[in-house]
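In what follows, chains are A, B, ... by sequence order, proteins preceding strands, each numbered from 1.
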Amino acid sequence: MRAERDHGSGRADSGCQQEPRQGRPLTGRLASTFPAIKRASIVSHVKVRFAPSPTGYLHIGGARTALFNWLWARHEKGTFILRIEDTDQDRSTEEAIQIILDGMKWVGLEWDEGPYRQTERMELYRERAMALLEQGKAYWCVCAAEELEQRRKEAQAKGLTPKYDGRCRARGITKPTGEAALRFMAPQEGQTVVEDLIKGRVVFDNSVLDDLIILRSNGYPTYNFSVVVDDALMGITHVIRGDDHLNNTPRQIPIFQALGYPIPRFGHLSMIMGADKAKLSKRHGATSVLAYKDMGYLPEALINYLVRLGWSHGDQEIFSMAEMIDKFSFDHVQKSAAVFNPEKLLWMNAQYIKQSEPARLATLLVPFLDQVGVGEAARKAPAGWLARLVALFQERARTLVEMAQAATPYLQEPVEIEADAGAKFLTPAIVPALEKLTERFAATADFSHAPLETAFKQLIEEEGLKMGQLAQPVRVAVTGRTASPGLFEVIELLGRERTLARLRKGIEQAKRGNA
RNA sequence: GUCCCCAUCGUCUAGCCUGGCCUAGGACGCCGGCCUUUCAAGCCGGCAACACGGGUUCAAAUCCCGUUGGGGACGCCA
C-alpha cells in the first residue's frame, strides 16, 4: 500500500541549518587572504531554501519546514530562497504556486531570492545529465515503465527489496532510438555517511542504492537530480527538510560527488503527525495554512505554535519573531515526531489575540463580520469604535471567528434576542425595575461606565434586588444574550440612544412574556 | 519484506551530549477552588510520564546492548 502523499508541499525538500563552525570552510583566494583565521571557524554565508512542489496548498508541515529554514537564515543573517519544484508536469499547477506564495506571505516568511521554478531551468539539468553520460557516470535505460512496475511488483511479492537490476548498465546504449531514460550509476560498494544536523550520524550501505533515473524519457529531470543540481548551483549550504527525505540523502550525495559539487550540510526535521500518530493529513482536519487564516487565526500564533512543535528554548512558550530568530538553533530541535494539537494552537491564538493592538484586530475582523452579516454596520461605525468593541472581546475570543460571533449583537439593529434568554430573564416581574432603570439611565448626564454603574447600584439597593437579578435582564435586553463583557462597558460602548432603545424594546417583550 | 529514523505526563516539551542538584520541571487540555453582574480572562491547587529487559557504575531519565512499539522511505512523485 502506498503511503498517502498529501503532505503536499510539506514534502518539499528544503532547509538546512547548523553550527556556524560547521559551515564549509572558505577555500582558495579568500582563505589565503585570511591565513590567521582557522578554517574550521569560518562560516560561509548561510544559504537555505524552501522547495515546495506546487501540487496543492501550503501544508502545515511544509510551513514548519519553511519556518525552520527561514529562522536559520535570519539567525545567521543568511539567505532564504524559495524554489518551486514543478518538474512533475502532471501534478504541478499555476494555482498551487500562487496559493503557496500567498500562504508564505500570510505567515510572514519572506524569501530573499526567487521564487525560482525548475521548469525554467531545464537546460541546466540536461547539460549536467549529459555531462554525466559522457563521463560514463550515467547510462541510457530502455526498460519500459510498465515493465519496471511489473518487476517491482514481483519483487515485492517475493518479499525482496524492489531495486532496479541494472540490466541496461552494461548495454552501453549511446543513441537510444525510442523512449529512453537516463540513469545515474550509483555506487554499490562502501557506505555513505550523513552527518545530520538533527539526527546525528546516519550510515547507509551503498548496496541499498538504486541506479535512479535522473532524466525521464520526456526529457524532464527527476527530483533527486534536479534538487542536487539546484542546491549546488544556488550555493545552498544547509538542506533542511522533512525526514521523509532522509533516505534520499545517500542517493543525492553521490550525485553531488559525480558532478564535482561540494556537499551541503543536511538537517532532517521530524514529521508532524495527527492524533492517531500517522503523518498529518486531511483526515486529521485542516492542514492548509490558509485554512487557518479563514478560521480566524493570527499568523504569528500559527508560527509560534509551529516553532514549538519540535523546537524549544527551555520552558518558554511565547516567542516574538525576533526572539525566535535570536534563540533558534538546531541543537534544540527534537528528533522525534510531534503530534499536532489543535487545542494548544487555539490557546496560542487566544494569547496573541489578547496581546494584539485592538485597531489591528478590528481591521482583520471585518471580513469575519461580513460572514455573520454585520460587515456593513462595522464599516459605518465611527472611527475607533470598532477597536473599542474589539477590546471588549480580546480576552473572550480565541479566534476572529469567535470574536465576530460574539460581537454581532453590538452591530445588529435590531438586536436579536436569543429565545431562551428572553424567556428566562425578560419577564413581567422585572418590568418595573427595568422601567426605573431606563429612566435613570436616560437622566444620567455622563453616559459612561462609572456613573451608569453608580445609578444601577443605587437602584437595586432601593429595590432590594441583587446585582444579578437586574443585571441579567438588562444584559439580555441590551445584548440579546446571557453572556457578554462587563455590562456597563457594553452599555457605554453602545451609547445612550441605542441602549435606551434596546431597554425599551426589552421592556415591551418582558410585558408580553409569561413568567 | 528491506533500509532508515524515533521512544519523558493524553499532547507539546525541559532535563539526556558533560551520570548524582530529578521524591522528573513547564505548557495545553482536564478536575477543584478563588475572583465575580454573566461569559471570559486572571490567580491558586490537583491528576498525570522517564516503553520494557539486561549491562556499565558507588550512583542512570541520562552511557551501552537487546526487545517491543511507533513513524518514514523503498516511482520515468516530490
S.K.: Assign each of A:Glu395 and A:Val203 to its nearest nucleotide of RNA chain B by heavy atoms, then name whichever residue's nucleotide is nearer the 5' end.
M.R.: A:Val203
S.K.: Grab the NZ-C1' distance between A:Lys466 and B:U38 for me, whole Å please.
M.R.: 16 Å
S.K.: Kindly point out which of B:C3, B:C5, B:U37 is positioned nearest to the side chain of A:Arg475?
M.R.: B:U37
S.K.: Does NZ or CZ of A:Arg64 lie under 6.0 Å from the centre of the six-membered ring of A:Phe68, at an angle within 45° of the ring axis?
M.R.: yes
S.K.: Using Watson-Crick or G-U wobble geometry with both distances below 3.5 Å, tell me the partner of B:C21, or none.
M.R.: none
S.K.: I need the CD-C1' distance between A:Glu154 and B:G1, as an integer number of Å.
M.R.: 16 Å
S.K.: At under 4.0 Å between heavy atoms, what does A:Leu246 touch on the DNA or RNA strands: base, sugar-phosphate, or nothing?
M.R.: sugar-phosphate
S.K.: Whom does B:C39 pair with, Watson-Crick or G-U wobble, provided both distances fall under 3.5 Å?
M.R.: none
S.K.: For residues A:Asp86 and A:Thr119, is any side-chain donor paired with an opposing acceptor at under 3.5 Å?
M.R.: yes
S.K.: Counting side-chain heavy atoms from CB outward, which of B:U37, B:G75, B:C39 is closest to A:Pro162?
M.R.: B:G75
S.K.: Of all the choices, B:C28, B:A78, B:C4, which nucleotide is nearest to the side chain of A:Glu343 once you look at every atom?
M.R.: B:C28
S.K.: Any base atoms under 4.0 Å from A:Ser270, or only sugar-phosphate, or nothing? Heavy atoms, all strands.
M.R.: nothing
S.K.: If we take the C1' atom in both B:C63 and B:G20, what is their distance in whole Å?
M.R.: 14 Å
S.K.: Verify the distance criterion only: is there a donor paired with an acceptor across the side chains of A:His59 and A:Ser281 at less than 3.5 Å?
M.R.: no
S.K.: Looking just at side-chain N and O atoms, do A:Gln118 and A:Arg121 make a donor-acceptor pair shorter than 3.5 Å?
M.R.: no
S.K.: When the ring planes of A:Trp311 and A:Phe328 are compared, do they come out parallel, tilted or perpendicular, using 30° and 60° as the limits?
M.R.: tilted
S.K.: Identify whether NZ of Lys or CZ of Arg in A:Arg183 sits under 6.0 Å from the centre of the six-membered ring of A:Tyr164 and within 45° of that ring's axis.
M.R.: yes
S.K.: For every nucleotide of nucleotides 10-26 of chain B, 5' to 3': is a protein heavy atom under 4.0 Å from its base (B), only from its sugar-phosphate (S), or from neither (-)?
M.R.: -BBSSS---------BB
S.K.: Between B:C3, B:C5, B:A78, spot the one nearest the side chain of A:Lys199, thanks.
M.R.: B:C5
S.K.: Please compare A:Lys457 and A:Lys354 by the position of their nearest nucleotide in RNA chain B and report the one closer to 5'.
M.R.: A:Lys457
S.K.: Roughly how far apart, to the nearest Å, are B:C74 and B:C17 at atom C1'?
M.R.: 32 Å
S.K.: Compare the minimum distances between each of B:C4, B:C76, B:A78 and the side chain of A:Val202, then state the nucleotide with the smallest one.
M.R.: B:C4
S.K.: How about A:Asn304 and A:Tyr352: does a side-chain donor come under 3.5 Å of a side-chain acceptor?
M.R.: yes
S.K.: Taking any strand in view, what nucleotide pairs with B:U68 in a Watson-Crick or G-U wobble way, both distances under 3.5 Å?
M.R.: B:A7
S.K.: Figure out the CG/P separation between A:Leu212 and B:G75, and round it to whole Å.
M.R.: 10 Å
S.K.: So, A:Ser329 versus A:Asp331: side-chain donor-acceptor pair below 3.5 Å or not?
M.R.: yes
S.K.: Which whole number of Å gives the distance between the C1' atom of B:G54 and that of B:G46?
M.R.: 37 Å
S.K.: Sticking with atom C1', work out how far B:G70 lies from B:G32, rounded to a whole angstrom.
M.R.: 35 Å
S.K.: Let's test this: given Watson-Crick or G-U wobble pairing with both distances under 3.5 Å, identify the partner of B:G32.
M.R.: B:C44
S.K.: Take atom CZ of A:Phe50 and atom C1' of B:A78, then tell me their distance rounded to the nearest Å.
M.R.: 12 Å
S.K.: Between B:U18 and B:A61, how many Å separate the two C1' atoms, rounded to a whole number?
M.R.: 16 Å
S.K.: Pairing check on B:A61: which nucleotide meets the Watson-Crick or G-U wobble criteria with it, both distances under 3.5 Å?
M.R.: none
S.K.: Which part of the nucleic acid, if any, lies within reach of A:Tyr220 when heavy atoms closer than 4.0 Å are counted: base, sugar-phosphate only, or nothing?
M.R.: nothing
S.K.: Please report the distance separating the P of B:U62 from the corresponding atom of B:U8, rounded so that it comes out in whole Å.
M.R.: 12 Å
S.K.: Measure from the side chain of A:Gln156, starting at C-beta and using heavy atoms only, and say which of B:G1, B:C76, B:U37 lies closest.
M.R.: B:G1
S.K.: Once the angle between the rings of A:His449 and A:Phe488 is folded into 0 to 90°, is it parallel (under 30°), tilted (30 to 60°) or perpendicular (over 60°)?
M.R.: tilted
S.K.: Mind checking if A:Cys143 touches a base, just sugar-phosphate, or nothing, with heavy atoms under 4.0 Å?
M.R.: base
S.K.: Below 3.5 Å, does any donor atom in the side chain of A:Ser217 face an acceptor in the base of B:C76, or the other way round?
M.R.: yes
S.K.: In terms of side-chain heavy atoms, does A:Thr287 have a donor or acceptor partner in A:Tyr57 at a distance below 3.5 Å?
M.R.: yes
S.K.: Side chains of A:Tyr223 and A:Glu85: is there a donor and an acceptor less than 3.5 Å apart?
M.R.: no
S.K.: Along nucleotides 44-50 of chain B, 5' to 3', which nucleotides get a B, which get an S, and which get a -, given that the test is a protein heavy-atom distance under 4.0 Å?
M.R.: -------
S.K.: In sequence, state the C-alpha distance, the side-chain angles, and the governing distance for A:Asn206 and A:Gln188, and then conclude on side chain to side chain donor-acceptor pair (under 3.5 Å).
M.R.: CA-CA 5 Å; A:Asn206 289 341; A:Gln188 295 298 299; over 6 Å; no
S.K.: At less than 4.0 Å, is any side-chain N or O atom of A:Arg152 found next to OP1 or OP2 of B:U2? Yes or no.
M.R.: no
S.K.: Could you tell me which nucleotide pairs with B:U2 by Watson-Crick or G-U wobble geometry, both distances under 3.5 Å, or answer none if nothing does?
M.R.: B:A73
S.K.: Which of these nucleotides, B:C76, B:A27, B:U37, is closest to any side-chain atom of A:Thr222?
M.R.: B:C76
S.K.: Give the nucleotide from the list B:C28, B:U37, B:A78 with an atom nearest to the side chain of A:Phe488.
M.R.: B:U37
S.K.: Expressed as a whole number of angstroms, how long is the span from A:Asn218:CG to B:G75:P?
M.R.: 18 Å
S.K.: Taking atom types as modelled and ignoring hydrogens, do the side chains of A:Tyr139 and A:Asp211 form a donor-acceptor contact shorter than 3.5 angstrom?
M.R.: yes
S.K.: Would you measure the distance from the C1' atom in B:A48 across to the matching atom in B:G72 and give it in whole Å?
M.R.: 30 Å
S.K.: Of all the nucleotides listed (B:A73, B:A78, B:C4), which has the minimum atom distance to the side chain of A:Lys279?
M.R.: B:A73
S.K.: With a 4.0 Å cut-off, would you call A:Arg481 and A:Asp420 a salt bridge?
M.R.: no
S.K.: Just the rounded figure in Å: distance from C1' of B:G75 to CZ of A:Phe184.
M.R.: 18 Å
S.K.: Which parts of residues 477-487 of chain A get close to RNA chain B, meaning a heavy atom less than 4.0 angstrom away?
M.R.: A:Thr482, A:Ala483, A:Ser484, A:Pro485, A:Gly486, A:Leu487
S.K.: Please report, rounded to the nearest Å, how far the C1' atom of B:C74 is from the CG atom of A:Asn224.
M.R.: 12 Å
S.K.: Got a salt bridge between A:Glu179 and A:Arg216, using NZ or NE/NH1/NH2 to carboxylate O under 4.0 Å?
M.R.: no
S.K.: For a quick check under 3.5 Å, do A:Gln351 and A:Glu317 share a side-chain donor-acceptor pair by atom type?
M.R.: no
S.K.: Between atom CD in A:Gln351 and atom P in B:A40, what is the gap in whole Å?
M.R.: 16 Å
S.K.: Any base atoms under 4.0 Å from A:Asp205, or only sugar-phosphate, or nothing? Heavy atoms, all strands.
M.R.: nothing
S.K.: Could you tell me how far B:A60 sits from B:G53 if I compare only their C1' atoms? Round to whole Å.
M.R.: 15 Å
